[in-house]
**Student:** 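What follows is a single structure, and I will ask about it in a moment.
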Amino acid sequence: MRLSQYFLPTLKETPSEARIASHRLMLRAGLIRQSSAGVYSWLPLGLRVLKKIERITRQEQDALGCQEMLMPTIQPAALWRESGRYDAYGPEMLRITDRHGRDMLYGPTNEEQITEIFRETVRSYKDLPKLLYHIQWKFRDEVRPRFGVMRGREFLMKDAYSFDLDVQGARRSYNKMFVSYLRTFGRMGLKAIPMRAESGPIGGDMSHEFVILADTGESEVACHKDFVDMDWAAADIDYEDDLQPVIDRFTAKYAATDDERDPDIEKSLAADLVVGRGIEVGHIFYFGDKYSRAMGATVTGPDGEEIAVEMGSYGIGVSRLVGAVIEASHDDGGIIWPQPVAPFLVGLINLKPDDAACAAAGDGLYQKLRDRGIEVLYDDRVGRAGVKFAEMDLIGLPWQVVVGPRGLKTGAVELKNRRSGDKEELSIDRALAKLTES
RNA sequence: CGGAGCGUAGCGCAGUCUGGUAGCGCACUACACUGGGGGUGUAGGGGUCGUGGGUUCAAAUCCCGCCGCUCCGACCA
């Protein structure tokens with residue numbers, strides 16, 4: 001993409017309403033624009049990141065055997081009356097009336113909808129287990145939206161639902177999702193610590209929030225300090241193996257969200273305790289037959305009896321993750337994208353595109369990068385070097401390549417790593433080779 | 001939902017107290033100089049001062065209503 005043609009409205013100054021780094025940087029780097037409180041438009045650069053995060057999420061869901069579908073944003077109130085949540089949910093649910101006077105709502109989540117689909121279609125225990133997910137926009141009329149996309153009213157969420165015959169099966173599904181979440185966040189360059197969270201109506205230990213430690217997190221969390229240095233690299237995994245050992249390894253040490261903290265344990269941990277603020281990027285939850293029973297989602301069991309299925313739901317805040325990644329990875333100059341979620345891999349800066357030699361070298365390198373399938377944003381604008389450097393740092397692409405008259409005298413370009421700041425002069429071919437490897 | 005603010009050019013702000021022809025910086029346009037980390041100069045363009053009403057000879061400024069946004073706290077499957 002040529003920057004001269006790209007829609008990338010960057011801001012030199014920070015809009016006054018943005019208080020935390022990710023919100024400021026998302027506005028300044030031209031990722032989003034606010035529409036109303038907690039509702040945002042995604043501009044081209046921001047949308048590329050959102051799609052990258054969505055893609056990783058999708059790949060990892062598919063990998064564990066969860067199947068993608070798509071449910072609507074607008075749901076009939078009747079479904080929610082069945083589960084009893086139409087009244088229970090309160091003013092956080094956006095309620096709509098259609099032209100016939102029917103009560104509708106903009107979905108804050110989809111348990112009712114998926115349960116209805118399931119009960120209409122699945123009859124036998126032989127059809128279990130089933131794992132289904134979708135990635136869809138949600139709306140929750142938050143009392144106090146804030147921090148940009150971190151707590152928006154409209155947000156993109158991956159929500160998955162599991163259906164099993166019994167509790168053992170539900171645990172298998174839960175474990176698959178647990179492991180897949182470790183991989184998903186790890187691939188995004190995040191350390192998301194699985195923390196024991198508020199249990200569902202069933203109780204037990206089958207509710208975890210995946211939390212990123214950040215000063216700007218919304219709630220206070222606590223964990224063993226070993227989590228901070230734990231290796232988050234996504235190991236290959238066979239989802240049909242017994243996953244419990246993996247789960248045990250990641251739940252052996254203490255880690256708890258605000259509601260679940262235990263003063264006695266924390267006292268015993270002493271210097272090993274880390275208390276900080278956290279951003280919730282995922283939440284997995286087992287809720288048994290709460291919805292299946294209320295809504296009559298049953299299957300015929302092996303002995304011919306009707307059994308209400310065991311369910312769980314599993315959420316990832318896709319749009320929130322864009323903000324969370326920035327909170328976890330930025331500096332004074334701007335965003336530092338982890339490579340897997342970067343909107344482009346390379347920012348190619350042509351310092352003097354109106355000079356014949358620079359134009360030839362810059363355009364040529366741009367074409368060669370594209371030929372190799374490398375995503376590159378090419379700053380081919382005529383303008384000052386300082387502006388180009390500053391904007392490229394702001395939008396935070398992992399690699400910068402600088403083509404300028406000074407280097408070209410010896411046939412060299414400069415390659416800069418955004419994260420480390422390391423720069424090296426090398427030939428165009430060497431730079432090309434290096435970027436192809438990365 | 002309690003408490004507190006803010007709304008003036010695309011962005012950041014001053015002007016409001018004490019009413020008298022709407023300003024500054026950045027950005028934008030043109031030209032010149034400049035040219036490897038958000039340059040310099042000259043000349044320009046752009047605002048029904050959130051909105052509706054009231055007071056007044058005169059309202060960004062005073063009064064009342066409404067709308068929008070933000071912050072602190074409570075809340076957050």
Side-chain angles (χ1 to χ4, degrees), chain A residues 9-20 23-24 27-28 30 33-40 80 83-85 88-93 107-114 138-148 150-153 155 157 159-161 197-201 207-209 217-219 257-259 278-280 282-287 290-291 311-317 320 332-334 349-355 358 379 381-395 400-409 412-414 416 421 423 425:
Chain A
T10 57
L11 301 172
K12 203 166 158 183
E13 289 174 279
T14 304
S16 58
E17 74 270 16
R19 301 301 159 118
I20 67 170
H23 191 194
R24 283 199 302 266
L27 291 167
R28 286 193 54 210
R33 282 293 180 271
Q34 182 166 20
S35 171
S36 63
V39 181
Y40 293 86
W80 286 66
S83 71
R85 284 211 293 180
Y89 217 95
E92 223 174 275
M93 184 153 71
T109 178
N110 288 70
E111 280 85 2
E112 283 79 0
Q113 194 121 50
I114 192 76
K138 307 288 189 288
F139 193 95
R140 293 180 192 174
D141 201 354
E142 297 277 351
V143 190
R144 193 180 157 212
R146 70 188 115 168
F147 301 154
M150 299 280 277
R151 179 165 290 281
R153 293 195 295 171
F155 57 97
M157 175 167 154
D159 41 323
Y161 303 91
E198 195 175 355
S199 301
S207 174
H208 286 88
E209 283 186 18
E218 285 200 277
S219 62
T257 57
D258 208 15
D259 301 329
I279 302 167
E280 176 192 354
H283 194 170
I284 60 178
F285 205 83
Y286 162 68
F287 49 70
K290 178 180 175 184
Y291 296 96
M311 294 175 60
S313 73
Y314 313 88
I316 287 180
R320 173 181 286 181
D332 290 344
I349 295 175
N350 191 335
L351 288 177
K352 210 167 167 56
D354 50 355
D355 169 85
C358 287
D379 189 349
R381 300 170 303 176
V382 176
R384 303 197 63 84
V387 174
K388 289 164 178 267
F389 290 130
E391 284 201 352
M392 206 53 93
D393 283 348
L394 175 63
I395 66 175
Q400 296 174 10
V401 181
V402 181
V403 175
R406 207 172 68 189
L408 285 182
K409 283 178 191 160
V413 296
E414 185 183 277
K416 175 182 155 182
K423 301 173 187 173
E425 294 245 325

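Order of the sequence lines sets the chain letters (A, B, ...), proteins ahead of strands, with each chain counted from 1.
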**Student:** Let me know the distance between CZ of Phe139(A) and P of rA77(B), rounded to the nearest Å.
**Tutor:**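 Result: 17 Å.
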**Student:** Find which nucleotide of RNA chain B each of His23(A) and Val382(A) is nearest to by heavy atoms, and output the residue with the more 5' nucleotide.
**Tutor:**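 The answer here is Val382(A).
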**Student:** Within the modelled atom types, does a donor on one side and an acceptor on the other bring the side chain of Arg28(A) and the base of rG12(B) under 3.5 Å apart?
**Tutor:**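 There is none.
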**Student:** Classify the nucleic acid contact of Lys423(A) as base, sugar-phosphate or nothing, counting any heavy atom under 4.0 Å across all strands shown.
**Tutor:**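 Base contact - Lys423(A) has a heavy atom under 4.0 Å of at least one base atom.
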**Student:** Nearest whole angstrom, please: distance from the P of rC69(B) to the OH of Tyr40(A).
**Tutor:**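 Answer to the nearest Å: 10 Å.
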**Student:** Return the nearest nucleotide to the side chain of Ala37(A); candidates are rU70(B), rC71(B), rG38(B).
**Tutor:**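 Output: rU70(B).
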**Student:** By nearest atom, which of the nucleotides rG36(B), rG37(B), rC76(B) is closest to the Arg151(A) side chain?
**Tutor:**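 Shortest atom-to-atom distance from the side chain points to rC76(B).
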**Student:** Separation of Lys416(A) atom NZ from rG36(B) atom P, in whole Å?
**Tutor:**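 Atom-to-atom, Lys416(A) to rG36(B), this comes out as 16 Å.
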**Student:** Expressed in angstrom and rounded to an integer, what is the separation of Arg19(A) atom CZ from rC6(B) atom C1'?
**Tutor:**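 To the nearest whole Å, that distance equals 10 Å.
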**Student:** Does the structure show a Watson-Crick or G-U wobble partner for rG41(B), both distances under 3.5 Å? Name it, or say none.
**Tutor:**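 For rG41(B), the partner nucleotide comes out as rC31(B), under the 3.5 Å rule.
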**Student:** Contact class for Ser313(A) vs. all strands (heavy atom < 4.0 Å): base, sugar-phosphate, or nothing?
**Tutor:**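 Here Ser313(A) touches no strand at all.
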**Student:** Please name the nucleotide paired to rG46(B) by Watson-Crick or G-U wobble geometry with both distances under 3.5 Å, or report none.
**Tutor:**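 When the pairing criteria are applied, nothing turns out to pair with rG46(B), so the answer is none.
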**Student:** Side chains of Ser313(A) and His283(A): is there a donor and an acceptor less than 3.5 Å apart?
**Tutor:**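 His283(A) and Ser313(A) do not have a side-chain donor-acceptor pair below 3.5 Å.
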**Student:** Can you figure out which of rA27(B), rG37(B), rA77(B) approaches the side chain of Tyr89(A) most closely?
**Tutor:**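 Of the options given, the side chain of Tyr89(A) lies nearest rA77(B).
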**Student:** May I ask you to say what Gly383(A) touches in the nucleic acid, namely base, sugar-phosphate or nothing, with a heavy-atom cut-off under 4.0 Å?
**Tutor:**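 Base: the residue Gly383(A), judged by heavy atoms under 4.0 Å, touches a nucleobase.
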**Student:** Check whether the side chain of Arg384(A) and the base of rU34(B) form a donor-acceptor pair under 3.5 Å.
**Tutor:**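 Donor-acceptor pair under 3.5 Å: yes.
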**Student:** Find the partner of rU61(B): check Watson-Crick (N1-N3 plus N6-O4 or O6-N4) and G-U wobble (N1-O2, O6-N3) distances, both under 3.5 Å, and reply none if neither fits.
**Tutor:**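 rU61(B) is unpaired by these criteria.
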**Student:** For the pair Glu280(A) and Arg320(A), evaluate side-chain contact (heavy atoms from CB on, under 4.5 Å) and give the outcome as yes or no after the intermediate values.
**Tutor:** CA-CA 9 Å; Glu280(A) 176 192 354; Arg320(A) 173 181 286 181; 3.8 Å; yes
**Student:** With P as the reference atom in both, quote the distance from rA74(B) to rG65(B) in angstrom, rounded to an integer.
**Tutor:**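 It works out to 30 Å between them.
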**Student:** Quick one: do Leu351(A) and Phe389(A) satisfy side-chain contact (heavy atoms from CB on, under 4.5 Å)? Show the steps, please.
**Tutor:** CA-CA 9 Å; Leu351(A) 288 177; Phe389(A) 290 130; 3.9 Å; yes
**Student:** Side-chain N or O of Gln34(A) versus OP1/OP2 of rU70(B): is the shortest distance under 4.0 Å?
**Tutor:**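 Looking at the OP1 and OP2 atoms of rU70(B), one of them is under 4.0 Å from a side-chain N or O of Gln34(A).
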**Student:** Indicate, with a heavy-atom threshold strictly under 4.0 Å, whether Gly315(A) touches base, sugar-phosphate, or nothing.
**Tutor:**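 Since no nucleic acid heavy atom lies under 4.0 Å of Gly315(A), the category is nothing.
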**Student:** The side chain of Glu13(A) lies closest to which of these nucleotides: rC11(B), rC71(B), rG36(B)?
**Tutor:**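 For the Glu13(A) side chain, the nearest candidate turns out to be rC11(B).
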**Student:** In whole Å, what separates the P atom of rU56(B) from that of rU61(B)?
**Tutor:**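 Rounded to whole Å, the distance is 16 Å.
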**Student:** Over how many whole Å does the gap from Tyr291(A) atom OH to rA77(B) atom C1' extend?
**Tutor:**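 Taking OH of Tyr291(A) and C1' of rA77(B), I get 6 Å after rounding.
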**Student:** Among rG38(B), rA74(B), rC11(B), which nucleotide has an atom closest to any side-chain atom of Glu391(A)?
**Tutor:**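 Minimum distance to the Glu391(A) side chain belongs to rG38(B).
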**Student:** Taking only the P atom of each, what is the distance from rC6(B) to rG46(B) in whole angstrom?
**Tutor:**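 31 Å, rounded to whole Å.
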**Student:** For Glu198(A) and Asp258(A), run side-chain contact (heavy atoms from CB on, under 4.5 Å): C-alpha distance rounded to whole Å, both residues' side-chain angles, the deciding distance at 0.1 Å, then the answer.
**Tutor:** CA-CA 9 Å; Glu198(A) 195 175 355; Asp258(A) 208 15; over 6 Å; no
**Student:** Can you check whether Ser16(A) has a side-chain N or O nearer than 4.0 Å to OP1 or OP2 of rU70(B)?
**Tutor:**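 Result: no.
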**Student:** Say you pick atom C1' in rG23(B) and the same atom in rG15(B); how far apart are they, in whole Å?
**Tutor:**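 Going atom to atom, C1' in each nucleotide, I get 7 Å.
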**Student:** Out of curiosity, Lys388(A) NZ to Asp379(A) CG, how far, rounded to the nearest 0.5 Å?
**Tutor:**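 Output value for this atom pair is 3.5 Å.
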**Student:** What do the steps show when you test Met93(A) against Arg85(A) for side-chain contact (heavy atoms from CB on, under 4.5 Å), and what is the final call?
**Tutor:** CA-CA 10 Å; Met93(A) 184 153 71; Arg85(A) 284 211 293 180; over 6 Å; no
**Student:** Starting at CG of Asp393(A) and ending at C1' of rG36(B), how long is that distance when rounded to a whole Å?
**Tutor:**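 Taking CG of Asp393(A) and C1' of rG36(B), I get 13 Å after rounding.
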**Student:** Report yes or no: does Arg153(A) contribute a side-chain atom to a donor-acceptor pair with the main-chain N or O of Phe139(A) at less than 3.5 Å?
**Tutor:**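 No.
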**Student:** Using the C1' atom in both, what is the distance from rG52(B) to rA60(B), to the nearest Å?
**Tutor:**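 Each nucleotide's C1' atom is 16 Å from the other's.
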**Student:** Would you please test Thr257(A) and Glu209(A) for side-chain hydrogen bond (donor to acceptor under 3.5 Å, both in side chains) and show each step?
**Tutor:** CA-CA 8 Å; Thr257(A) 57; Glu209(A) 283 186 18; 4.6 Å; no
**Student:** Among rC75(B), rC11(B), rG12(B), which is the nearest nucleotide to the side chain of Arg146(A)?
**Tutor:**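 Comparing rC75(B), rC11(B), rG12(B) against the side chain of Arg146(A), the answer is rC75(B).
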**Student:** Taking the C1' atom of each, how far is rC17(B) from rA59(B), in whole Å?
**Tutor:**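 About 15 Å, rounded to a whole number of Å.
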**Student:** Quickly work out the Arg381(A) CZ to rA27(B) P distance and round it to whole Å.
**Tutor:**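 Rounding to the nearest Å, CZ of Arg381(A) and P of rA27(B) are 13 Å apart.
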**Student:** Report which part of the nucleic acid Met93(A) touches: base, sugar-phosphate, or nothing (heavy-atom distance under 4.0 Å, all strands).
**Tutor:**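 No contact at all - Met93(A) keeps every heavy atom at 4.0 Å or more from the nucleic acid.
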**Student:** Among rG37(B), rA27(B), rC11(B), find the nucleotide with the atom closest to the side chain of Ala385(A).
**Tutor:**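 Ranking rG37(B), rA27(B), rC11(B) by closest atom to the Ala385(A) side chain puts rG37(B) first.
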**Student:** Which nucleotide sits closest to the side chain of Glu92(A): rG39(B), rC69(B), rC76(B)?
**Tutor:**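 Of all the options, the side chain of Glu92(A) is nearest to rC76(B).
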**Student:** Could you check Thr14(A) against Glu111(A) and say which one's nearest nucleotide on RNA chain B is further toward the 5' end?
**Tutor:**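 By nearest-heavy-atom nucleotide position, the 5'-most residue is Thr14(A).
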**Student:** Is Lys290(A) salt-bridged to Glu111(A), going by a charged N under 4.0 Å from an acidic O?
**Tutor:**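 Salt bridge flag = no for Glu111(A) with Lys290(A).
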**Student:** Taking rA77(B) as the reference, what is the distance to rA4(B) when you measure between their C1' atoms (whole Å, please)?
**Tutor:**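 Going atom to atom, C1' in each nucleotide, I get 31 Å.
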**Student:** Could you state the atom-to-atom distance from CZ of Arg33(A) to C1' of rG10(B) in whole Å?
**Tutor:**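 Interatomic distance, CZ of Arg33(A) to C1' of rG10(B): 9 Å.
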**Student:** Provide the Watson-Crick or G-U wobble partner of rG2(B), both distances under 3.5 Å; none if there is no partner.
**Tutor:**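 rC72(B) is the nucleotide pairing with rG2(B).
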**Student:** For the base of rC1(B), is there a side-chain donor-acceptor partner from Arg144(A) under 3.5 Å away?
**Tutor:**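 Checked by distance alone, the answer is no.
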**Student:** Hunt down the Watson-Crick or G-U wobble partner of rC26(B), both distances under 3.5 Å, from any strand shown, or write none.
**Tutor:**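 Partner of rC26(B): rG10(B).
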**Student:** Taking the C1' atom of each, how far is rA27(B) from rG12(B), in whole Å?
**Tutor:**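 The answer is 11 Å between these two C1' atoms.
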**Student:** In the strands shown, is rC17(B) matched to any nucleotide by a Watson-Crick or G-U wobble pair with both distances under 3.5 Å, and which?
**Tutor:**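 Answer to the pairing question: none, since rC17(B) forms no Watson-Crick or G-U pair.
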**Student:** Identify which nucleotide among rG36(B), rG37(B), rC71(B) has an atom closest to any side-chain atom of Pro405(A), counting heavy atoms from C-beta outward.
**Tutor:**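 The nucleotide sitting nearest to the side chain is rG36(B).
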**Student:** Among rA77(B), rA74(B), rC71(B), which is the nearest nucleotide to the side chain of Arg140(A)?
**Tutor:**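 Out of rA77(B), rA74(B), rC71(B), the nucleotide with an atom closest to Arg140(A)'s side chain is rA77(B).
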